[in-house]
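The structure appears right after this line, and notes come after that.
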Amino acid sequence: MNVQIAPSILSADFASLGDQVRAIERGGADLVHVDVMDGHFVPNITIGIPVVQALKRVATAPLDVHLMISDPDRYIDAFAQAGAAMLSVHVEALPHLHRTVQAIKALGVKAGVALNPSTPVEAIGEVAGDVDFVLVMSVNPGFGGQSFIARSTSKVADVRALLDRAGNRKAPIEIDGGIDQDTASLVVAAGARILVAGSAIFRGGDPERATRELKATAARALPAAAPASQ
Ligand code: DX5
Ligand code: ZN
């Protein structure tokens, strides 16, 4: 499994989103990460369905939509229609997580479950065989530019073990929050295969170059392929 880079447009210049998306795609972005916040599940309010529709018109990379909202079941259809290729929902917001995961998959969208830093890995034990990916939050969701929570590295390894035990070896782990040139290697070594990065990509003023450099760092941290057995 390669490492995919998913720049978070939360830190982009919203006045020129199209240009920013083209820049990260030139830099090799594999996904475009879109942070949807409702001011209820998290303290911040960001963007919604019309912006996802607009991004869909300009992006060639798949849209990875991270729903940080209460009652996400109400909006899954709308985000799928708007162009999401991947939808992640927070386990903390959902009493019927199994049903939600199945509903997302039924729309032809990849279903991810997201875990806040304080949420134990066991919270997704019963759906580990069903999900298309797991999103480990390495900051408390709500804002870009926060510091990486160091414990998240071992959490990634624990989620990997859980998915493998469930027979879901192909489901990648996405990590989101405080990912930069320093933390990328740690999380890839622990098993993360989709890296979300907002401020590390956009705050330096050259998102194309930052995407390319983060991707190279992440690729270098991949464990060497095991030699073929004789
Ligand atoms: C935080 C969001 C992240 C955010 C990451 O709640 O889910 O996707 O954009 O930003 P950085 O990379 O700056 O931590
Ligand atoms: Zn996110």
Side-chain angles (χ1 to χ4, degrees), residues 3-14 17 20-21 23-24 27 29-48 51-52 55 59 61-70 72 75 79 84-93 109-119 133-153 155-156 159 172-188 192-207 210-211 213-215 217-218:
V3 184
Q4 296 192 303
I5 303 297
S8 163
I9 57 147
L10 185 61
S11 296
D13 177 1
F14 280 12
L17 264 188
Q20 303 264 282
V21 167
I24 59 171
D30 300 282
L31 303 165
V32 178
H33 186 83
V34 185
D35 287 305
V36 178
M37 305 187 191
D38 65 351
H40 189 261
F41 179 70
V42 289
N44 198 4
I45 300 177
T46 55
I47 60 179
V51 177
V52 175
L55 287 166
L63 301 182
D64 166 33
V65 178
H66 178 190
L67 296 181
M68 286 160 279
I69 61 176
S70 299
Y75 299 100
F79 280 103
M86 299 164 66
L87 266 178
S88 51
V89 290
H90 271 263
V91 50
E92 303 85 7
V109 174
K110 286 191 179 160
V113 289
L115 295 166
N116 279 338
S118 66
T119 303
F133 65 103
V134 174
L135 195 172
V136 173
M137 287 304 304
S138 40
V139 298
N140 287 292
F143 302 94
Q146 302 180 78
S147 298
F148 180 79
I149 297 172
R151 229 190 100 66
S152 314
T153 308
K155 193 171 188 181
V156 166
V159 172
I173 298 172
E174 177 171 33
I175 189 151
D176 184 0
I179 299 301
D180 58 19
Q181 285 288 342
D182 296 326
T183 53
S185 310
L186 301 173
V187 298
V188 170
R193 293 295 178 267
I194 304 173
L195 306 189
V196 178
S199 38
I201 297 293
F202 291 103
R203 298 262 163 98
D206 189 346
T211 303
E213 290 181 354
L214 190 62
K215 196 165 175 165
T217 297

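Residues take their numbers from the sequence shown, with the count starting at 1. Counting starts at 1 for both ligands and their atoms, following the listed order.
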Under 4.0 Å to a heavy atom of V196 - the qualifying atoms of ligand 1, by number:
8 (O)
Only heavy atoms count here, so choose which of T183, D176, I179 is nearest to atom 5 (C) of ligand 1.
D176
G177 heavy atoms, cut-off 4.0 Å: which ligand 1 atoms fall inside?
14 (O)
Nearest atoms (heavy-atom pairs only) where P72 meets L67:
CB-CD1, 4.2 Å
Write down the atom of P62, the atom of D30, and the distance for their closest heavy-atom approach.
CD-O, 3.3 Å
So is G142 in contact with ligand 1, going by heavy-atom distances below 4.0 Å?
yes
List every atom of ligand 1 that sits less than 4.0 Å from any heavy atom of M68, numbering the atoms from 1 in the order shown and giving each element.
6 (O), 7 (O)
Ligand-side contact atoms (ligand 1) for residue partner D35, heavy atom cut-off under 4.0 Å
2 (C), 3 (C), 4 (C), 7 (O), 8 (O), 9 (O)
Determine whether the side chains of D35 and T46 contain a donor N or O and an acceptor N or O closer than 3.5 Å.
no
Show which atoms of ligand 1 fall inside a sub-4.0 Å distance from at least one heavy-atom site of G145.
11 (P), 13 (O), 14 (O)
Counting each atom of ligand 1 from 1 as listed, which ones have a heavy atom of H66 under 4.0 Å away?
7 (O)
Could you check if a side-chain atom of I194 sits within less than 4.5 angstrom of a side-chain atom of M86, using non-hydrogen atoms only?
yes
Those atoms of ligand 1 less than 4.0 Å from some heavy atom in H33
8 (O)
Looking only at distances, can you tell me whether any N or O atom of A200, backbone or side chain, sits closer than 3.5 Å to an N or O atom of ligand 1?
no
Non-hydrogen atom of F143 closer than 4.0 Å to ligand 1
yes
Polar-atom distance check: N140 versus ligand 1, any N or O pair below 3.5 Å?
no
Shortest protein heavy-atom distance from atom 13 (O) of ligand 1, along with the residue and atom involved:
S199 OG, 2.5 Å
Atoms of ligand 1 under 4.0 Å from any heavy atom of M37, numbered from 1 in the order shown, are 6 (O)
K110/D64 ion pair, N-O < 4.0 Å:
no
For the residue pair H90 and F41, does the interplanar ring angle fall in the parallel (under 30°), tilted (30 to 60°) or perpendicular (over 60°) class?
tilted
